[in-house]
Amino acid sequence: MSEIPAPEVAVDIDPAAKEQAFAHDVERNLICRQARYPDIATQHDWFMALAYTVRDRMLANWAGSMQTYSARDIKVACYLSAEFLIGPQLGNSLLNLGLESEAREAMRSLGQNLDELLAVEEEPGLGNGGLGRLAACYLDSLATLQIPAIGYGIRYEFGIFDQALRDGWQVEVTDKWLQKGNPWEIVRPDVSYYVSFGGHTQCTTDEAGRLRVQWHHTGQVKGVACDMPMQGYRVNTCNVLRLWKSEAVESFDFQDFNAGKYYEAVEMKVVSETLSKVLYPNDEPDAGKRLRLAQQYFFVSCSLQDMLRLSDAKGLPVERFADLFAAQLNDTHPSIAVAELMRLLLDERGLSWDVAWNITQRALAYTNHTLLPEALETWGLPLFQSLLPRPLEIIYEINRRFLDDVRRIYPGDDARVMRMSFIDEAGDRKVRMAHLATVGSHAVNGVAALHSDLLRQTVLRDFAEMFPERFLNVTNGVTPRRFLMLSNPALARLLDDTLGTDWRHDLARLDALAAHADSPALHDAWRKVRHDNKAALAVRIHATTGIEVNPGALFDIQVKRIHEYKRQHLNALYIISLWRRLSRNPDLDLPSRCFIFGGKAAPGYAMAKLIIRLITGIAETVNDDPAIGGRIKVVFYPDFNVKNGHAIYPAADLSEQISTAGKEASGTGNMKFMINGALTIGTLDGANVEIREEAGAENFFLFGLTAAQVDELKRSDYRPADYVRNDDTLRDALDQIAEGRFSRGDRDMFRPLLDNLMQSDPFLVLADFADYVRCQERVNEAWRDKEQWTRMSIMNTARSGKFSSDRAIAEYAERIWATRPVRIDHARS
Ligand SMILES: *Cc1c(COP(=O)(O)O)cnc(C)c1O
């Protein structure tokens, strides 16, 4: 970690005294929290004592922030997300508090090494990948920009599985992140809410003669708040991530139910105890659907009830709710919020429909994350009806009123009404959650310019026509704290030495680096930093996989979830072709490359698991092939997660962003690589388009069909076999797979993958192969010219400012939430 400039406050205190005080607090926590004296404390005890000491340093900021937010005139942004992939907290909290060197010295005085203690922390794997990590980056930026905010989600007992490899196959291992306790968490049993499920509804008339609906549920679940601090960078702001844990309701009264309801009631009790047990992997076909919908409703209902309670505590009437809170829906997972906020306002608060609807629309905004039709969330009506009868009734009523509007605006256009309805009537009837979210929100955004355009043209076209002003783009970003300062401290220091430290508060200032792009002194220092990062990754690779890699080789890295649309198999086919070229012609003058992959496949996604097996099979065959003299190495780095990412992103020369154009909404891995000085080989997809725009076309390796060309090719009659027939290199690579070269002679293992490619190739791997190979040749040529490569690398970092999540959050705050930064006065302590 970097040497951090002293924080703006309290510079007059002697650093040695502060270290001593810090060490004293750690020792005290060791005794008071872990009940251990130093002599017999384990490394884990020391980690816990240190984490508590750091947490204590955040508590005053936390309390001060919460107190400030309770004022009437302060609007709070609430980020509702089923996932928060926050990564390890110790290093980031030290960085943001400016306590890194103090802690390092204090621990040294206690005979402990800070880096070793940092490595002890298990990360809370409360997300699948990009979407959950985005939510975490946004919390970091919200606090850093001093915007009052709460993150709302689920405290899964088991997060995303840990990935192990056995015989080259992925094996899922239960994630046990809570096993040794979570020192960051504060459980608040007093902050809890009841959430109803099942049963039926009944119409009654109240004293005032108004129609009221009662929901006679079959069971309730209690949600308990578990809070974690989200400390901003060098500010007093400390926001909260509030995750809900489900508990069975004590007074569950089985006598209330007649025999017919008994089993339903027992099922509700089981549900309540398992609701927050496990995170569902995405790309999972239909498994555990009922529980997943229950999870979504559970956390949304708890969160909205919490916001209403906080709003009441401000002493303002509920009619002012949307002036006090802005809720962002991270994809459709929390989209039931539209119906639930209506329900709370109508049934619990007694507001009229029109008033409730106005509040709901003003309070909510929706971020869409996917164009893949199979990823657009729908729920079967019978399931919805049995689990959430009252919210469904409200969805029907919103839909009825909305479709009346559609008919008024587009008279006689029944096809349009069918397309826009919340209920998909084709086949088994389903609720379309994206339609609910779109109609119930005042703003709908995509996550990169291309994605937002395609959203308006495709999946939400009718809605964009009807409400053009509602649609906008906010390109994703990543936090430069975690993904530069924390994980690449040597580069951060070099940037300080070259530019001063302004960039630490405004990443756009990195632009000034362009003026130094030809400085020989910077080139030398730049290459040294990059080489050291690669050497450090090489050590980890050897330790985890036993594979020896040369830090002098071109590190070519593709880390992200394994998915056909991300096309790890396109990369694999290129490696095979390269290996074949070198085997046939051992004297060929090609630069050494180390291909590094990482990523999890959803447990039920057979094709993705087969792609992992292909990569590990290629690694097995190629790495030990004496004919190529170690010039190609292939590594599958197991268990890619945030923590491992810290060592991976800073060590990349080449970032693989090769999804089929039009399929990747934005990508954020691409941004992490760019900030750290990797060059991108990529398609015109997601945020790659903007990365190339910022970096300059000359600093980006572009290949492949455009989204429009992909669309056209798929409309015409795409015949993947034609590409194989006409391309010897491609045919040879596929033949190698078919012959069992990567499966120890087994000719059947990869047949499903080969059949898929040859027969339908839904993601146009074969159509893009030739251009990808040509582009990789350009990469090889560029790599030969070290000066030129270094210049391109510097330019990528220099032009990465746009991809800070601070820029993204500033846009949300201004264009969607109307929230403002609030200074937190120096905390009482
Ligand atoms: C950034 C990140 C992702 C997202 O990567 P993409 O390349 O954008 O798909 C996924 N997983 C982890 C652990 C990450 O840090």
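One-based numbering, in listed order, for ligands and for the atoms of each.
In the displayed structure, Lys180 atom NZ is contacted under 6.0 Å by at most 12 heavy atoms of other residues, nucleotides or ligands. Remark: Arg778 CZ is packed, more than 12 non-hydrogen atoms of other residues, nucleotides or ligands lying under 6.0 Å away.
Close contacts of ligand 1 with Asn641, meaning ligand atoms under 4.0 Å from a residue heavy atom, involve 13 (C). Residue Lys672 approaches ligand 1 through these ligand atoms, each under 4.0 Å from one of its heavy atoms: 1 (C), 2 (C), 3 (C), 14 (C), 15 (O). Counting atoms of ligand 1 from 1 in the listed order, those under 4.0 Å from a heavy atom of Lys566 are 9 (O). The contact set between ligand 1 and Thr668, taken as ligand atoms under 4.0 Å from a residue heavy atom, comprises 1 (C), 4 (C), 8 (O). Close approach to Val642 involves these atoms of ligand 1, each under 4.0 Å from a residue heavy atom: 13 (C). Set against the non-hydrogen atoms of Gly667, the atoms of ligand 1 under 4.0 Å away are 8 (O). Close approach of ligand 1 to Gly129 is summarised as follows: ligand atoms under 4.0 Å from at least one heavy atom of the residue are 10 (C), 11 (N).
Counting protein heavy atoms only, atom 4 (C) of ligand 1 is closest to Gly130 CA, 3.5 Å. Nearest non-hydrogen protein atom to atom 7 (O) of ligand 1 is Lys560 NZ, 2.8 Å. Regarding atom 6 (P) of ligand 1, its nearest protein heavy-atom neighbour is Gly669 N, 3.7 Å.
The cationic atom of Lys600 (NZ for Lys, CZ for Arg) lies less than 6.0 Å from the six-membered ring centre of Phe161 and within 45° of the ring axis. A cation-pi arrangement, defined by a distance under 6.0 Å to the six-membered ring centre and an angle within 45 degrees of its axis, is absent between Lys663 and Tyr565.
When Phe483, Phe640, Phe673 are ranked by how near their heavy atoms come to atom 12 (C) of ligand 1, first place goes to Phe640.
Only the side chain of Tyr649 comes within 4.0 Å of ligand 1, counting heavy atoms alone; its backbone N, CA, C and O stay farther away. Neither the backbone nor the side chain of Arg561 has any atom closer than 4.0 Å to an atom of ligand 1 (non-hydrogen atoms only).
When each of Asp331, Asn445, Thr332 is tested with Thr367 by the rule side-chain hydrogen bond (donor to acceptor under 3.5 Å, both in side chains), just one qualifies, namely Asn445.
No side-chain heavy atom of Arg456 sits less than 4.5 Å from a side-chain heavy atom of Leu460.
Aromatic ring centroids of Phe763 and His569 lie 6.0 Å or more apart. Remark: aromatic rings of Tyr812 and Tyr138 are close, center separation under 6.0 Å.
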Residues Arg807, Asp506; criterion salt bridge (Lys or Arg N to Asp or Glu O under 4.0 Å); working and verdict: CA-CA 9 Å; Arg807 185 270 314 148; Asp506 176 7; over 6 Å; no
